[in-house]
Amino acid sequence: MIRIDRKEYLDFLLKSKDKQIIKVVSGVRRCGKSTLFEIYKDFLLENGVAKNQIISINFEDMDYEELTDYKKLYEYIKSKMIGDKKNYIFLDEIQHVDKFEKVVDSLFIKENTDLYIAGSNAYFMSSELATLLSGRYIELKMLPLSFKEYYQAKLEYEKMEQKENRISKTLIQYYNEYIVNSSFPYTLQLDSDLKNIHEYLSGIYNSVLLKDIIARLKISDVMRLESVVKYIFDNIGNLTSLSKIGNTLTSMGRKTDVKTIKKYIRGLTDSLLVHEVSRYNIKGKEFLSTLSKYYVTDLGLRQMILGNRNIDMGHILKNVIYLELLRRKGNVYVGQFDKNEIDFVVINSNEIEYYQVALTVLDENTLKRELDAFKNIKDNYPKYLITLDDVMVNTDYDGIKVVNALEWLLGE
Ligand SMILES: Nc1ncnc2c1ncn2[C@@H]1O[C@H](COP(=O)(O)OP(=O)(O)OP(=O)(O)O)[C@@H](O)[C@H]1O
């Protein structure tokens, strides 16, 4: 089995190593949080940290079941700590420990600890917890594999298997595979066998739905929740109003009010299966609270739920670009300038970047339409038009740079 090194995430942990701050790793189930901890621990061991300086507990492991009592947990950790050196403490799936923040708080104030905690988002980084830990943590929001990670790992797998008569694939073929298969790391071992991949994805989907959403929000009408999931999956990249979802469900014979839709969507976004992207008024420089767009964490899962009937390559490309912007920059919004919409605006401190995404702009009218989206924005911040075309790329139209999506995805 190949271990994908998740370099960006590893760098994030390394940068904050030994700093007096709690490292929190959150992310959808099975995106690779525990494996990242394993990779990081190996790095520590290879770089002068002794084995007894590492205390590691995974609360989904039966061996540690007793330690889900927070007092016992604290006593256990204290008994393992060594006095004269740094103790690297890893608490994985910590949401299983009731009142775990008390333990985290007590360990945090000790000078010889470096604390790492991970959990699936739904329970774990609830707003109450974020408040409890406020000012004392940094969060790494992990996602499944990016296209670059997928592509590089896939090349390695194929090299390792040394398949005879292997037909070398083009980059676009890998991309097409990436958006249909899955970005969950384990699925790479399933050799693009869609039946097996869907079986694996069903397991993730069911446990997120049942454990993270239905149980937590005490939802009794599972079919209604699944209808909302389908609606959101079907409408990635479309401006979506809660009342429209409600009306659609009601017209299907499932009378549903806006409050219920709001609760279900909150469940979906908390579990990180779905991301909500709100709008930013570029002209008025204000964030808008109505009409958001939604994108999914894993396109393979979307494909499994919707079936083949809904291959919408333009919106799928926007979804891939959105996730990559989230990875690289954080703070991604849908831009609005009067009636014009910009697919993505990235806002960090006072730095802004604008992105428009289109499958192809080879047709003159399409190119004009896409460029026109920028026409009212008179500032000098970077503006990009990302497309799958491989001609015309790196052309500059009045400050708007046309970029090839795959080249961009494989870049830094
Ligand atoms: N970096 C990686 N390289 C190769 N395979 C990986 C990597 N990360 C994860 N995997 C595969 O995906 C599976 C799930 O990963 P992992 O248990 O680390 O996820 P997780 O986010 O901790 O999941 P959960 O929240 O459900 O506990 C692993 O068993 C492994 O097969």
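In listed order, ligands and their atoms are each counted from 1. Numbering starts at 1 and runs along the sequence shown.
In summary, the side chains of Q336 and E341 do not present any donor paired with an acceptor at a separation below 3.5 Å, with no hydrogens or angles considered. Between the side chains of E199 and S202, not a single donor N or O lies within less than 3.5 Å of an accepting N or O. Neither side chain, E276 nor Y295, offers a donor N or O lying under 3.5 Å from an acceptor on the other. A donor-acceptor contact under 3.5 angstrom links the side chains of Y205 and E226, judged on distance only. Counted by atom type alone, R327 and S146 present zero donor-acceptor pairs between their side chains at under 3.5 Å.
Between the side chain of N112 and the main chain of I82, a donor-acceptor pair closer than 3.5 Å is present. Side-chain atoms of N58 do not come within 3.5 Å of backbone N or O of E93 as any donor-acceptor pair.
Two rings, from F59 and Y64, have their centers 6.0 Å or more apart.
For ligand 1, the atoms closer than 4.0 angstrom to any heavy atom of I2 are 3 (N), 4 (C). In summary, the atoms of ligand 1 found under 4.0 Å from a heavy atom of K33, numbered by their order in the structure, are 18 (O), 19 (O), 20 (P), 21 (O), 22 (O), 25 (O). Below 4.0 Å from some heavy atom of R29 lie the following atoms of ligand 1, by number and element: 25 (O), 26 (O). Which parts of ligand 1 touch E93 is read off a 4.0 Å heavy-atom cut-off, strictly below it: atoms 24 (P), 25 (O), 27 (O). Ligand-side atoms of ligand 1 in range of R3: 3 (N), 4 (C), range being under 4.0 angstrom from any heavy atom. Within the listing of ligand 1, atoms 1 (N) sit less than 4.0 angstrom from a heavy atom of R6.
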Step-by-step salt bridge (Lys or Arg N to Asp or Glu O under 4.0 Å) determination, D212 to R29: CA-CA 10 Å; D212 294 345; R29 283 172 186 268; 2.9 Å; yes
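Between Y200 and F184, the angle of the ring planes goes over 60°, which puts this pair in the perpendicular group of the 30/60° scheme.
Looking at atom 19 (O) of ligand 1, its nearest protein heavy atom turns out to be G32 N, 3.1 Å. The protein heavy-atom contact nearest to atom 6 (C) of ligand 1 is P185 CB, 3.5 Å. Closest to atom 26 (O) of ligand 1, if we only count protein heavy atoms, is R30 NH1, 2.5 Å. Among protein heavy atoms, the minimum distance from atom 5 (N) of ligand 1 is reached at M1 CE, 3.9 Å. For atom 22 (O) of ligand 1, the closest heavy atom belonging to the protein is S34 OG, 2.6 Å.
Closest heavy-atom approach to atom 11 (C) of ligand 1 within the set Y9, Y186, F184: this belongs to Y186. One option in T187, I4, L145, T35 has a heavy atom closer to atom 9 (C) of ligand 1 than any other, and that option is T35.
Under the 4.0 Å distance rule, the nearest protein heavy atom to atom 24 (P) of ligand 1 falls inside the cut-off.
Residue G27 places no heavy atom under 4.0 Å from ligand 1.
Ion pairing of K318 with D343 is present here, as a side-chain N (NZ or NE/NH1/NH2) and a carboxylate O approach within less than 4.0 Å.
By the 3.5 Å distance cut-off applied to N or O atoms, C31 is counted among the residues near ligand 1.
At a heavy-atom distance under 4.0 Å, only side-chain atoms of Q189, from C-beta outward, approach ligand 1.
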